[in-house]
Every structure is written in C-alpha cells, then in structure tokens.
Amino acid sequence: MSSYLEANARQRIHQLLDEGSFKEFLPPAQRIVSPHLAQLDTPVSFDDGVVIGSGTLLGAKVLAASQEGGFMGGAVGEVHGAKLVGLLKRAIQDRVDGVLLLLETGGVRLHEANAGLIAVSEVMRAVLDTRAANIPVIVLVGGSNGCFGGMGIVACCANAILMSEEARLAMSGPEVIETTHGVEEFDSRDRALVWRTTGGKHRYLLGDCDAVLADDIDAFRHAASATLQRCRQSSAELTLQALESEHALLSKRLADFGQLSEPMDIWSDLGIANPAALPMLEAEAFMQQVSSFRLGER
C-alpha cells in the first residue's frame with residue numbers, strides 16, 4: 001500500500017499510471033518558471049508546481065496533471081495554469097481516452113493576482129472544451145492541502161471526482177471563512193468540524209464526489225480506470241439537461257439543509273441511523289453503509 005496523501009506530485013502520477021508509461025511535458029530541465037515570482041524576489045519551482053504529461057492507465061491512453069502541494073500549496077499562477085490549459089488542448093488534439101487531474105491546491109496564487117485568476121478561468125473553459133470533444137475529465141483529490149478556491153470550481157466542472165476520506169473539497173477554505181466571517185461562523189482550528197464539512201465523506205453524501213477511497217494510490221488507480229470506462233460509455237459533454245439537474249440538486253440541498261450548520265445533522269436527515277459513527281469508518285466500510293443515502297439518489 002502506497003499512501004496518496006504522503007506522496008508528492010511526481011510519485012503520485014508515476015505510480016497511478018502504468019509502470020514506465022508516463023512521459024512528462026515541460027519537465028524541470030526546461031526551467032519554465034513564473035516571471036511574476038522572480039519579479040517579487042520569491043523562490044520559483046522549475047515546473048511551477050505542476051507535473052503534466054502522457055501515459056496509460058490500465059492500457060487506456062490518457063493525459064495527466066499532478067499539482068505539487070509542497071510548492072505554494074499547489075496554488076495556480078500564469079505558467080501553472082497555462083500548463084494545465086495546454087494539456088487539455090493537447091487531449092483534444094490527440095483524441096486520448098481521458099484526462100486525469102490530480103489536484104492539490106488552495107486555489108489562485110495570490111502573488112500573481114489577476115494573472116492567476118485569468119489562468120483558473122482558462123482552465124475551466126479548457127475542461128469544458130475537452131468534455132465537449134467527448135473526452136472525459138476525471139479529478140482525483142487526496143492531498144493534505146485539499147482542493148479549494150477556483151480549482152474547487154474546476155473540479156466540479158469535471159465528469160467525476162474521486163476523493164479519499166482525508167481529502168477536502170470546497171470553494172473557500174476554513175481559514176478564509178473564519179477570517180471573513182469570524183470564528184463563530186467556522187472555527188478553522190476544529191479539525192474534526194473541518195473534515196466533517198469539507199471532507200470526502202460529507203462530499204460523497206451531498207453528491208459532490210463519486211467515491212470515497214482508501215488513502216492508497218492503487219485504490220485511486222483502479223477507481224480512476226473504472227470511472228473512465230463508465231464515463232466513456234456515454235457522452236462526456238456537459239449538457240443543458242445535466243446542468244439543470246445539478247441546479248435542481250443544489251436547490252434541494254438548500255431547501256433540505258439550509259438551516260443546519262452541523263454536518264452530522266445533515267447525515268441524520270439523510271436517514272443515516274448512527275451518523276456519529278461515520279467519521280470512524282474506513283473508506284470501504286463507509287461506502288458499503290451509505291451507498292443508498294446520497295442526496296439525489298434517495
């Protein structure tokens with residue numbers, strides 16, 4: 001068993017894809033770095049915090065990107081975003097079987113301000129363009145930094161999201177919410193509350209992700225392959241019907257749970273008999289117990 005959480009970006013992408021199949025685009029030797037960081041006298045990374053390239057996943061031809069949470073929390077700047085956009089455009093050009101995005105990020109790189117915001121918006125458009133070309137985009141989240149900010153929106157633009165229970169997914173991070181609305185709104189130091197609110201288990205129950213996996217790269221590998229095969233059995237494009245269904249799901253969520261602030265109360269309202277036991281369940285046991293309780297599937 002190899003921990004997804006503890007691995008770095010290159011370890012994840014090499015171990016996720018078939019052995020020896022990964023070929024990196026724009027590797028560190030080419031020294032493609034952010035010009036903005038240099039102007040601010042801030043340390044740079046020769047891959048700008050994201051690894052991109054091609055490979056195979058159990059024989060399927062894929063392109064993949066893996067964000068490095070150890071560099072600026074995986075935050076997106078101009079070059080980082082351009083690498084992601086280029087990868088997605090290459091996917092359309094090469095007609096690959098799918099794209100895998102291994103996301104670990106706090107969102108936009110504040111050092112690059114507008115350039116980072118524009119980069120994230122371009123990534124969103126590229127994801128939707130890739131889907132419109134009938135190429136599935138699968139997001140994997142399992143790093144210690146979670147997936148927040150604009151890249152949290154990018155994740156939700158994909159065909160599917162796979163998470164470990166250690167993963168987190170949201171628009172705004174706990175510290176951001178606490179800073180803007182006060183500790184009474186969200187105490188970022190309450191780690192149990194943070195994971196109950198933004199963690200993989202809660203996201204699965206709300207219908208925001210497709211599976212909760214063990215913290216194991218091999219588990220992500222097989223789940224990604226199965227999800228890719230499932231997505232390829234129908235059109236990968238985001239349709240108006242699917243968008244309207246998502247809006248209906250969000251409206252139902254607000255109507256059902258808008259007055260609740262404790263995730264366990266939401267789990268109870270979903271019909272789970274002993275919600276307090278869920279945080280202690282291993283991923284496989286959790287999936288077996290709650291597979292019939294997801295919002296929108298009742």
Side-chain angles (χ1 to χ4, degrees), residues 13 16-17 25 50 52-67 76 80-103 105 107 117-141 147 149-163 169-171 203-204 206-213 220-253 294-297:
I13 205 166
L16 184 83
L17 301 181
F25 305 152
V50 63
I52 64 171
S54 64
T56 59
L57 177 67
L58 297 183
K61 183 181 178 182
V62 298
L63 295 185
S66 183
Q67 293 180 302
V76 178
H80 186 122
K83 290 177 72 172
L84 292 172
V85 171
L87 183 81
L88 290 159
K89 289 184 175 181
R90 176 76 174 264
I92 298 173
Q93 175 185 304
D94 291 357
R95 303 305 307 171
V96 296
D97 296 321
V99 178
L100 305 177
L101 300 180
L102 287 62
L103 302 185
T105 174
L117 290 169
I118 292 170
V120 169
S121 68
E122 290 175 342
V123 174
M124 291 179 200
R125 174 173 293 187
V127 167
L128 296 177
D129 286 345
T130 304
R131 291 186 57 181
N134 200 28
I135 297 171
V137 180
I138 312 298
V139 165
L140 285 63
V141 185
C147 181
M151 291 304 291
I153 302 176
V154 169
C156 293
C157 290
N159 290 88
I161 302 174
L162 305 175
M163 300 178 67
L169 173 66
M171 173 57 195
R203 289 302 171 200
Y204 178 80
L206 289 182
D208 292 331
C209 77
D210 294 76
V212 176
L213 309 172
F220 273 95
R221 169 179 164 83
H222 288 283
S225 176
T227 303
L228 185 58
Q229 292 181 36
R230 174 175 57 80
C231 290
R232 287 182 58 79
Q233 291 174 0
S234 58
S235 173
E237 185 176 8
L238 176 62
T239 64
L240 177 60
Q241 181 181 3
L243 190 61
E244 290 175 340
S245 295
E246 184 72 14
H247 286 175
L249 177 66
L250 294 173
S251 296
K252 177 174 174 55
R253 181 188 301 180
R294 273 165 57 95
L295 178 63
E297 296 183 4

Side-chain heavy atoms of [X] within contact of [Y], under 4.5 Å:
{"X": "Ser225", "Y": "Arg221", "value": "no"}
{"X": "Asp208", "Y": "Ile161", "value": "no"}
{"X": "Val85", "Y": "Arg125", "value": "no"}
{"X": "Val137", "Y": "Asn159", "value": "yes"}
{"X": "Leu140", "Y": "Leu16", "value": "yes"}
{"X": "Phe25", "Y": "Leu63", "value": "yes"}
{"X": "Ser54", "Y": "Val96", "value": "no"}
{"X": "Met151", "Y": "Val154", "value": "yes"}

Return the minimal non-hydrogen interatomic distance between [X] and [Y], and the atom names on each side.
{"X": "Ala119", "Y": "Val76", "answer": "CB-CG1, 4.2 Å"}
{"X": "Leu100", "Y": "Ala224", "answer": "CD2-CB, 4.4 Å"}
{"X": "Asn134", "Y": "Ala236", "answer": "OD1-N, 2.8 Å"}
{"X": "Gly81", "Y": "Val123", "answer": "O-CG2, 3.8 Å"}
{"X": "Val127", "Y": "Cys157", "answer": "CG1-O, 3.7 Å"}
{"X": "Ile135", "Y": "Ala91", "answer": "CD1-O, 3.2 Å"}

Checking the side chain of [X] only, and the main-chain atoms of [Y] only, is there a donor and an acceptor separated by less than 3.5 Å?
{"X": "Lys83", "Y": "Ile52", "result": "no"}
{"X": "Arg203", "Y": "Ala170", "result": "no"}
{"X": "Thr105", "Y": "Gly107", "result": "yes"}

Pairs where residues 224-236 contributes a residue and the test salt bridge (Lys or Arg N to Asp or Glu O under 4.0 Å) is met, not counting sequence neighbours: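 For residues 224-236, and leaving out neighbouring residues, the salt bridge (Lys or Arg N to Asp or Glu O under 4.0 Å) pairs sorted by first residue read Asp97-Arg232, Asp210-Arg230.
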Can you tell me how far [atom2] of [Y] sits from [atom1] of [X], rounded to the nearest 0.5 angstrom?
{"X": "Cys209", "Y": "Leu169", "atom1": "SG", "atom2": "CG", "answer": "8.0 Å"}
{"X": "Leu102", "Y": "Cys147", "atom1": "CG", "atom2": "SG", "answer": "11.0 Å"}
{"X": "Thr130", "Y": "Glu237", "atom1": "OG1", "atom2": "CD", "answer": "12.0 Å"}
{"X": "Leu117", "Y": "Glu122", "atom1": "CG", "atom2": "CD", "answer": "11.0 Å"}
{"X": "Ile13", "Y": "Gln67", "atom1": "CD1", "atom2": "CD", "answer": "11.0 Å"}
{"X": "Leu162", "Y": "Thr227", "atom1": "CG", "atom2": "OG1", "answer": "4.5 Å"}

Residues Leu17, Val62; criterion side chain to side chain contact (heavy atoms under 4.5 Å, CB included); working and verdict: CA-CA 9 Å; Leu17 301 181; Val62 298; 3.8 Å; yes
For Asp94, give me all partners under side-chain hydrogen bond (donor to acceptor under 3.5 Å, both in side chains), at least two apart in sequence or on another chain.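 With sequence neighbours excluded, Asp94 shows a side-chain hydrogen bond (donor to acceptor under 3.5 Å, both in side chains) to Arg90, given in chain and number order.
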